[in-house]
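Inspection log for the structure reproduced underneath, given as structure tokens.
Note that ligands are numbered from 1 as they come in the structure, with each ligand's atoms numbered from 1 the same way. Heavy atoms only: backbone and side chains are in, while hydrogens, waters and symmetry mates are out.
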Amino acid sequence: MEFFSYMEKYDYEQLIFCQDKTSGLKAVIAIHDTTLGPALGGTRMWTYETEEAAVEDALRLARGMTYKNAAAGLNLGGGKTVIIGDPKTEKNEEMFRAFGRYIQGLHGRYITAEDVGTTVQDMDTIYQETNFVTGISPAFGSSGNPSPVTGYGVYRGMKAAAKEGFGTDSLEGKTIAIQGVGNVAYHLCSYLHEEGASLVVTDINKEAVKRAVDEFGAKAVEPDDIYDVDCDIYAPCALGATINDETIPRLKAKVIAGAANNQLKDASHGEVLHEKGIVYTPDYVINAGGVINVADELNGYNKERAMKKVETIYDNVSQVFEISRRDNIPANLAADRLAEERIERMRHSRSQFLQDEKHILKHRL
Ligand SMILES: NC(=O)c1ccc[n+]([C@@H]2O[C@H](COP(=O)([O-])OP(=O)(O)OC[C@H]3O[C@@H](n4cnc5c(N)ncnc54)[C@H](O)[C@@H]3O)[C@@H](O)[C@H]2O)c1
Ligand SMILES: CC(C)C[C@H](N)C(=O)O
């Protein structure tokens with residue numbers, strides 16, 4: 001990948017490589033766009049096959065956060081970090097402290113939080129070095145683990161998608177196939193079970209499957225069989241790119257609504273779903289609950305206020321479908337339009353000069 005060409009193509013602001021020999025830290029921070037405010041996005045720790053794959057992932061995920069934050073109505077830009085390494089065996093305290101110092105060096109242009117492979121404890125360690133971290137322990141007056149709130153937001157967004165697909169937002173009696181029952185999907189399952197949906201789940205982690213079967217009466221299938229399940233709704237809640245040329249012909253669902261980031265292998269798969277009449281709920285609109293929750297920390301965390309904002313995911317999803325129908329475009333492009341239009345409007349409205357301390361010639365006094 002030609003990094004500068006890619007950055008120019010999608011108008012990225014900054015790419016930062018962080019290396020710390022003592023702790024083994026190898027991290028890439030990507031800042032996509034800060035028109036709306038500081039870039040807020042989580043830190044992913046993952047074993048990438050190549051360094052290039054890690055940079056590519058950081059860039060892609062950072063841009064996704066720009067769109068997610070814009071569509072959620074947050075005054076935040078988009079950024080993301082990936083740390084190269086196995087989260088199960090390669091973490092140490094010095095690593096996250098070194099990383100915290102790199103974040104501090106950005107003076108608030110980037111604020112981090114949890115993502116796949118990182119935990120509240122890791123955020124607490126980063127907090128030893130910088131204030132530009134969210135999702136730290138509630139003991140510090142913070143919002144803690146964002147996953148339960150993301151799960152609730154996905155549940156609300158799924159109801160809006162059901163309304164679009166079935167004419168009612170009730171999920172009672174619906175069969176929902178869930179790929180990956182980790183942190184977010186566990187909470188999603190509890191809401192769906194409570195509403196009376198039938199769940200079919202899969203995961204490469206047998207413990208996670210057992211928990212869903214035992215607690216929610218879910219039926220378990222093998223990971224590759226999830227695409228063939230006879231269901232009303234398919235919920236991708238594991239990793240990205242699972243909606244692709246191989247899987248779309250196998251899907252039986254009328255509605256797709258899940259937590260995973262970057263669900264479509266590429267934008268053309270949104271077009272294919274649109275043509276097939278499948279209601280696709282854009283990932284970054286439906287899974288914004290976690291970022292909405294951690295973003296509230298910027299105002300001094302208030303759970304009630306944060307949850308009120310998370311409720312708006314239902315309306316945001318409905319608005320995307322409205323744009324999709326109005327402009328006869330696939331839902332993924334309708335979501336992009338919603339986010340891009342907001343960024344452009346704000347870019348214009350913020351172009352007016354506003355004096356701050358740096359413009360006062362006080363050193364001459
Ligand atoms: N945690 C959040 O608040 C949040 C917010 C927004 C988006 N997301 C996205 O939602 C997704 C899930 O996040 P999470 O925090 O629950 O992560 P997680 O790691 O807790 O859960 C993911 C689960 O998927 C399983 N999995 C991985 N590959 C699989 C495969 N091929 N088939 C079946 N199962 C597989 C894993 O074993 C794991 O149990 C991710 O894509 C994440 O980026 C999470
Ligand atoms: C800021 C976070 C809570 C980010 C979250 N992992 C997401 O992808 O939305």
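Taking every non-hydrogen atom of C237 and a distance limit under 4.0 Å, the qualifying atoms of ligand 1 come out as 11 (C), 12 (C), 22 (C). Listed by number with element, the atoms of ligand 1 under 4.0 Å from a non-hydrogen atom of K68 are 6 (C). Taking every heavy atom of V116 and a limit of under 4.0 angstrom, the matching atoms of ligand 1 come to 40 (C), 42 (C), 43 (O). Which parts of ligand 1 touch D115 is read off a 4.0 Å heavy-atom cut-off, strictly below it: atoms 43 (O). Listed by number with element, the atoms of ligand 1 under 4.0 Å from a non-hydrogen atom of R44 are 43 (O). Residue contact check: A259 has heavy atoms under 4.0 Å from atoms 7 (C), 8 (N), 9 (C), 10 (O) of ligand 1.
With hydrogens left out, the protein atom closest to atom 21 (O) of ligand 1 is G182 CA, 3.3 Å, a heavy atom. Counting protein heavy atoms only, atom 1 (N) of ligand 1 is closest to S147 OG, 3.1 Å. Counting only heavy atoms of the protein, atom 30 (C) of ligand 1 lies nearest to I204 CG2, 3.9 Å. The closest protein non-hydrogen atom to atom 6 (C) of ligand 1 is N287 O, 3.4 Å. Among all non-hydrogen protein atoms, the one lying nearest atom 13 (O) of ligand 1 is V184 CG2, 3.9 Å. Of the protein's non-hydrogen atoms, T150 OG1, 2.7 Å is the one closest to atom 3 (O) of ligand 1. For atom 18 (P) of ligand 1, the closest non-hydrogen atom on the protein side is N183 N, 4.0 Å. Regarding atom 40 (C) of ligand 1, its nearest protein heavy-atom neighbour is A238 O, 3.1 Å.
Shown here for I136 and V120, the closest heavy-atom pair between the two residues is C-CG1, 3.9 Å.
D122 and T125 share no side-chain donor-acceptor pair at under 3.5 Å. Residues N69 and Y284 bring no donor and acceptor atom of their side chains to less than 3.5 Å of each other. Side-chain contact check for N261 and N287: at least one donor-acceptor pair (N or O, by modelled atom type) lies under 3.5 Å.
Among the atoms of T202, none of the N or O lies under 3.5 angstrom from an N or O of ligand 1. Here's the thing with N261: one of its N/O atoms is less than 3.5 angstrom from an N/O atom of ligand 1.
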| request: Output, in order, the C-alpha distance, side-chain angles, deciding distance and verdict of side chain to side chain donor-acceptor pair (under 3.5 Å) for Q179 and Y234. | output: CA-CA 8 Å; Q179 181 186 47; Y234 167 61; 2.9 Å; yes
| request: Run the numbers on D228 and R250 for salt bridge (charged side-chain N to carboxylate O under 4.0 Å, His left out), then give the verdict. | output: CA-CA 6 Å; D228 304 311; R250 293 168 60 186; 2.8 Å; yes
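Y152 and Y155 have tilted rings, their planes meeting at an angle from 30° to 60° on a 0 to 90° scale. A parallel orientation is assigned to the rings of H32 and Y67, their planes being inclined by less than 30° (bins at 30° and 60°).
With ring centers used as reference points, Y186 lies under 6.0 Å from F216.
Among R156, R305, K159, the one residue that satisfies the salt bridge (Lys or Arg N to Asp or Glu O under 4.0 Å) test with E311 is R156.
Scanning D203, N293, N205 for the heavy atom closest to atom 36 (C) of ligand 1 points to D203.
Judged purely by atom type and a 3.5 angstrom limit, T202 has no side-chain atom pairing as donor or acceptor with the backbone of I178.
Within the 4.5 Å cutoff, side-chain heavy atoms of Y110 are placed close to those of T81. S142 places none of its side-chain heavy atoms less than 4.5 Å from the side chain of Y301. Inter-residue side-chain proximity for D245 and H269 is flagged as met; some heavy-atom pair is nearer than 4.5 Å.
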Starting from the N and O atoms of ligand 2, find every protein N or O within less than 3.5 Å and list the pair with its distance.
{"residue": "ligand 2", "atom": "6 (N)", "partner": "E114", "partner atom": "O", "Å": "3.1"}
{"residue": "ligand 2", "atom": "6 (N)", "partner": "D115", "partner atom": "OD1", "Å": "2.7"}
{"residue": "ligand 2", "atom": "8 (O)", "partner": "K68", "partner atom": "NZ", "Å": "3.0"}
{"residue": "ligand 2", "atom": "8 (O)", "partner": "K80", "partner atom": "NZ", "Å": "3.2"}
{"residue": "ligand 2", "atom": "8 (O)", "partner": "N261", "partner atom": "ND2", "Å": "3.1"}
{"residue": "ligand 2", "atom": "9 (O)", "partner": "K68", "partner atom": "NZ", "Å": "2.6"}

